[in-house]
Amino acid sequence: MHEVSCPACNAPTHYDLRDYLLLCPFCSASFHLDFETGRKDLYSDHFIVPNSCDQRQIKSIFIEWIRRLHHNPELAAKEYLITEIAGYSIPFWIISLEAHTQWKGLVKRESANMFDQGAGSSYLSETGMYRRNYRWAISSRRNIAENWGMLNLHEPKEPLEVDWDGFPLDSTLSRGRIDENLGVKVRNEQGVEEERTAYDVREVFDFKFSNSLPILAIQVPEDEALRRARHQIERYHVGLSKLHCDILVDNRTELEVAGIQLIHLPFWFARYIYQPRGLLRNFQKPKEKNLIFDGYAGGILKAEMAIVQRDKLWINTMVCLLAASGCVVMGVTFHGSFMLVAVFCLAVALISGSMALKSGKGGASPLKGDVQPVTSSS
Ligand SMILES: [Zn+2]
């Protein structure tokens with residue numbers, strides 16, 4: 001930590017100089033400090049989306065979510081226990097851009113040409129182009145995995161596997177809503193209620209808009225964010241182009257960047273354990289599961305389910321083992337044919353047991369780093 005005076009209000013305070021932008025706790029100014037020359041540059045394109053949720057709301061959204069999933073809503077509140085709720089205002093570089101893609105590929109013919117059987121004759125060459133607009137969000141944290149679920153928030157409508165961490169801001173912060181009353185709505189000229197997006201309601205950065213959430217520091221510079229966004233959108237568009245043809249031959253994506261700004265976005269994280277009341281209790285230990293919410297309108301962006309496939313397989317194994325041993329007893333006391341049923345049950349138990357063992361590897365573990373917020377002095 002070093003003492004530096006703010007270029008906007010001159011107040012001296014201690015900063016972590018490893019951060020890319022420093023935030024004045026007195027006047028909320030953001031500035032970059034050049035190590036070599038000592039030169040300070042104010043950064044003005046810094047905004048914040050006000051946090052509009054609190055712990056109580058997150059808890060009630062969680063309970064509503066559980067009630068809708070559970071076959072017995074009355075029991076749900078007793079069996080699910082929230083162990084932790086925490087919120088953060090996390091910095092993202094938001095890159096407004098238009099992506100323009102041209103693709104070339106081969107499409108399989110419906111019926112092969114009978115007279116020309118040369119190699120490749122069962123494919124037709126096709127080309128196409130499309131353009132998309134995004135406000136692409138790239139985390140400005142060094143450890144993008146410090147909070148659970150932040151690694152793959154992008155959920156495209158298309159059937160694609162996402163292996164990048166950036167996401168389109170507008171479609172992400174408008175999904176997963178349970179409570180439609182949250183979020184900011186205004187009446188337009190025709191008197192119809194319209195929702196304002198998280199981007200629309202952003203304010204010039206000020207600590208007060210975090211509404212009690214810790215503000216996380218800005219660690220990654222914008223040129224890196226721009227490079228990452230470019231790379232991620234190219235990959236996304238390769239995936240989109242592949243949906244148009246059977247063999248993608250060429251794909252060219254050009255980006256027209258309209259602007260880049262830094263926005264602190266509010267997120268909430270919750271952890272819960274599931275303690276079943278019935279038969280299930282004997283088969284599984286309570287394990288913590290995670291949820292992530294946006295703090296603008298309380299949408300559930302990602303959720304880990306309490307009973308996963310593996311747990312069901314284990315239960316199946318146990319039930320089949322019980323049935324098998326029951327049949328052995330029956331076979332000994334009544335009739336030998338019960339032994340056949342016992343063998344069958346044992347086989348099913350072995351199969352589901354081995355499947356459970358296989359699927360148990362590489363499960364999602366909660367991730368949390370050293371999250372040290374920047375604090376305001378006002
Ligand atoms: Zn200041």
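Numbering of ligands and ligand atoms starts at 1, following listing order. All values below were derived from every heavy atom in this structure, side-chain atoms included, with hydrogens, water molecules and symmetry-related copies excluded. Numbers here are sequence positions counted from 1.
Listed for the Arg202 side chain is a donor-acceptor partner under 3.5 Å among the backbone atoms of Tyr199.
His264 and His46 have tilted rings, their planes meeting at an angle from 30° to 60° on a 0 to 90° scale.
For the pair Arg109 and Tyr123, the cation-pi test (distance below 6.0 Å, angle within 45°) is failed.
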I would like to know whether Phe267 and Leu265 meet side-chain contact (heavy atoms from CB on, under 4.5 Å); could you show each step before the answer?
-> CA-CA 7 Å; Phe267 288 96; Leu265 302 174; 3.7 Å; yes

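Taking a cutoff of 4.0 Å between a charged side-chain nitrogen and a carboxylate oxygen, Asp41 and Arg39 qualify as a salt bridge.
Donor-acceptor pairing under 3.5 Å is lacking for the side chains of Gln219 and Asn143.
Of all protein N, O or S atoms, those under 2.8 Å from the Zn ion (ligand 1) number 4.
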